Number of protein chains: 2
Amino acid sequence: MKIQDICTDCTVRDEALCGTLSEDELWALNTIGRRQRIARGDTVIWAGDTSVICANLLSGVLKLVAATPDGREQIVGLLYPADFVGQAHAGLADFTITALTDAELCIFPRAAFQRVLEDHGRMERLLLQRTLTALTAARHRMLSLARKSAEERIADFLLEMALRAANTGCRATPDGPLTFDLPLTRGQIGDVLGLTIETVSRQMTRLKAAGVIGLPGGRAVTISDRAALAVCAHAA
Amino acid sequence: MKIQDICTDCTVRDEALCGTLSEDELWALNTIGRRQRIARGDTVIWAGDTSVICANLLSGVLKLVAATPDGREQIVGLLYPADFVGQAHAGLADFTITALTDAELCIFPRAAFQRVLEDHGRMERLLLQRTLTALTAARHRMLSLARKSAEERIADFLLEMALRAANTGCRATPDGPLTFDLPLTRGQIGDVLGLTIETVSRQMTRLKAAGVIGLPGGRAVTISDRAALAVCAHAA
DNA sequence: CGCAGGCTTGACATAAGTCAACATGCGTGG
DNA sequence: CCACGCATGTTGACTTATGTCAAGCCTGCG
């Protein structure tokens, strides 16, 4: 496979870890990577498995799930295009990773990937940077899960999703109403926020009734009054 | 200052990041590090500050605190001896770091520390490793905070502290009763577990009444029946 | 058309929070 | 050495946010 076939047309080329590599360096990864499509609902990694994938997410959204032995679940992370999937170094997988939408991965054999990582300090540094970002995000979410009300969590979540939607093309007036589709069902939002589907539903209706957001139907949300939503996010 | 003065007698020499360095390499860090004592209650880093410390923790316990604007607090991490404190790379501090006990730091100017880090890939890799471990721990705690009952969280916490106590000298029969002192007040345990001080207190008394643990007084705890405690941790 | 998955809404249960009183234990200074 | 005072911890009565259970409603798809 030629480099053009794999990397040049890569949709996440600039944002992914490989973005740090020059054309030449890219060859190293290119020769070992292969693309793979996965369907919505497919599990990429099972918690506890030893053989762990090493990949970049090209498209779609994945969830990282922690679960108790008796089946309670918590989504502890979401992976979006250009995010790194799996573990660079060997070991048991800590969490189950499942596709929330159809998705596409660029998979690398771990040994080879590790070697590239070691040869390119810049790339390793970027991986560290990302891990630190994820750690900070996880810790902020700990605060939400432990101390914030359902309304605050929902408002936080909607603002975060709105930000992501705004960054992903979908241009709109900066402060004006913004409409976008959530990539998650109500149940999955509950799994992210540590709430039940009923509580999510009720709070969304409340926000709608308060005129802060609109729910045009389907998975769409309209942020009618971002300032008001921000207020909800910090004192509910 | 000679290397003997700073590193040879270092109590965390083997476990800290510097443990990866040879005697020679150590010089690089040694010449730039300085020890500093801090008192219980002192804050080392304020969330939002720009000038951020870069240090190894030599002794004592620090807490990493996330807070809402209206004052609700959550401890999102604890730092023990040999742990790295602060941020290797510049930027605003994400969380406030405060000493829970008197403590001692080995502080490095960031620029110099970063240089050492870049020159020693092994050390950087170790930092990545630690960050990943912290990320996994944070995510497991997200599950606890979001989905576990107060009793489960307390049991989890006690088992974790017991493990730490066992590893920190304090030898005892592997499965027999183990007694140790918690480095945290009830209130701080609440801050870690996302509970109130009253709930912590009540659950501890319940576990004691159930004969699973003993509370000899002060901050001491005795794990009388580790198996039973583990059961509490997974189904309450 | 009719089913299935997702969503909404309601009535009710409950774990944990809040408020308040009291106990304990530790350190300081008389 | 004792006594006082403050920080910490315990316990109780009551409140409340959120979970649970249950019924019914959309909406898109076969």
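Since the structure is predicted, the reported quantities are computational estimates derived from the model, not experimental observations. To find a chain, count down the sequence lines: A is the first, B the second, and so on, and within it residues start at 1.
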Over how many whole Å does the gap from [X] atom [atom1] to [N] atom [atom2] extend?
{"X": "A:Q188", "N": "C:dG5", "atom1": "CD", "atom2": "C1'", "value": "12 Å"}
{"X": "A:I154", "N": "C:dC7", "atom1": "CD1", "atom2": "P", "value": "12 Å"}
{"X": "A:E151", "N": "D:dA17", "atom1": "CD", "atom2": "P", "value": "11 Å"}
{"X": "A:K148", "N": "D:dA17", "atom1": "NZ", "atom2": "C1'", "value": "17 Å"}
{"X": "A:L184", "N": "C:dC7", "atom1": "CG", "atom2": "C1'", "value": "15 Å"}
{"X": "B:E198", "N": "D:dA13", "atom1": "CD", "atom2": "P", "value": "15 Å"}
{"X": "B:K208", "N": "D:dG9", "atom1": "NZ", "atom2": "P", "value": "14 Å"}
{"X": "A:D191", "N": "C:dC7", "atom1": "CG", "atom2": "P", "value": "12 Å"}

Assign [X] to base, sugar-phosphate, or nothing according to its heavy-atom contacts below 4.0 angstrom with the strands shown.
{"X": "A:R206", "value": "nothing"}
{"X": "A:G194", "value": "sugar-phosphate"}
{"X": "A:R147", "value": "nothing"}

So, does the side chain of A:R202 form a donor-acceptor pair with the base of C:dG10 at under 3.5 Å?
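Under the 3.5 Å cut-off, the side chain and the base do form a donor-acceptor pair.
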Does B:T199 place a side-chain N or O at less than 4.0 Å from the phosphate oxygens OP1/OP2 of C:dA16?
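Looking at the OP1 and OP2 atoms of C:dA16, neither is under 4.0 Å from any side-chain N or O of B:T199.
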Does D:dT10 have OP1 or OP2 sitting under 4.0 Å from an N or O in the side chain of B:T205?
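Negative; the distance criterion is not met.
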Nearest to the [X] side chain among [options], which nucleotide is it?
{"X": "B:I197", "options": "C:dG10, C:dG6, D:dT10", "result": "D:dT10"}
{"X": "A:S201", "options": "D:dT18, C:dG17, C:dC7", "result": "C:dC7"}
{"X": "B:R219", "options": "D:dG9, D:dT18, C:dA20", "result": "D:dG9"}
{"X": "B:L195", "options": "C:dA16, D:dT11, C:dG10", "result": "C:dA16"}

A:E151 bridged to A:R202 by N-O distance under 4.0 Å:
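Looking at A:R202 together with A:E151, the answer is no, because their closest N to O distance does not fall below 4.0 Å.
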Do B:Q74 side-chain atoms and B:D191 backbone N/O form a donor-acceptor pair below 3.5 Å?
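A pair under 3.5 Å: yes.
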Can a donor-acceptor pair be found, under 3.5 Å and without considering hydrogens, that links the side chain of A:S144 to the backbone of A:K148?
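Absent.
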Which residue, A:G217 or A:A150, contacts DNA chain D at a nucleotide closer to its 5' end, judged by nearest heavy atom?
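Closer to the 5' end of DNA chain D: A:A150.
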B:I223 side chain reached by B:L229 side chain, heavy atoms, under 4.5 Å
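Yes; the side chains approach each other to less than 4.5 Å.
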Does any non-hydrogen side-chain atom of A:R139 lie less than 4.5 Å from one of B:L64?
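Touching, per the 4.5 Å side-chain cut-off.
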Mapping A:R40 and B:R153 onto DNA chain C by nearest heavy atom, which one lands closer to the 5' end?
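With A:R40 and B:R153 compared, the 5'-side residue is A:R40.
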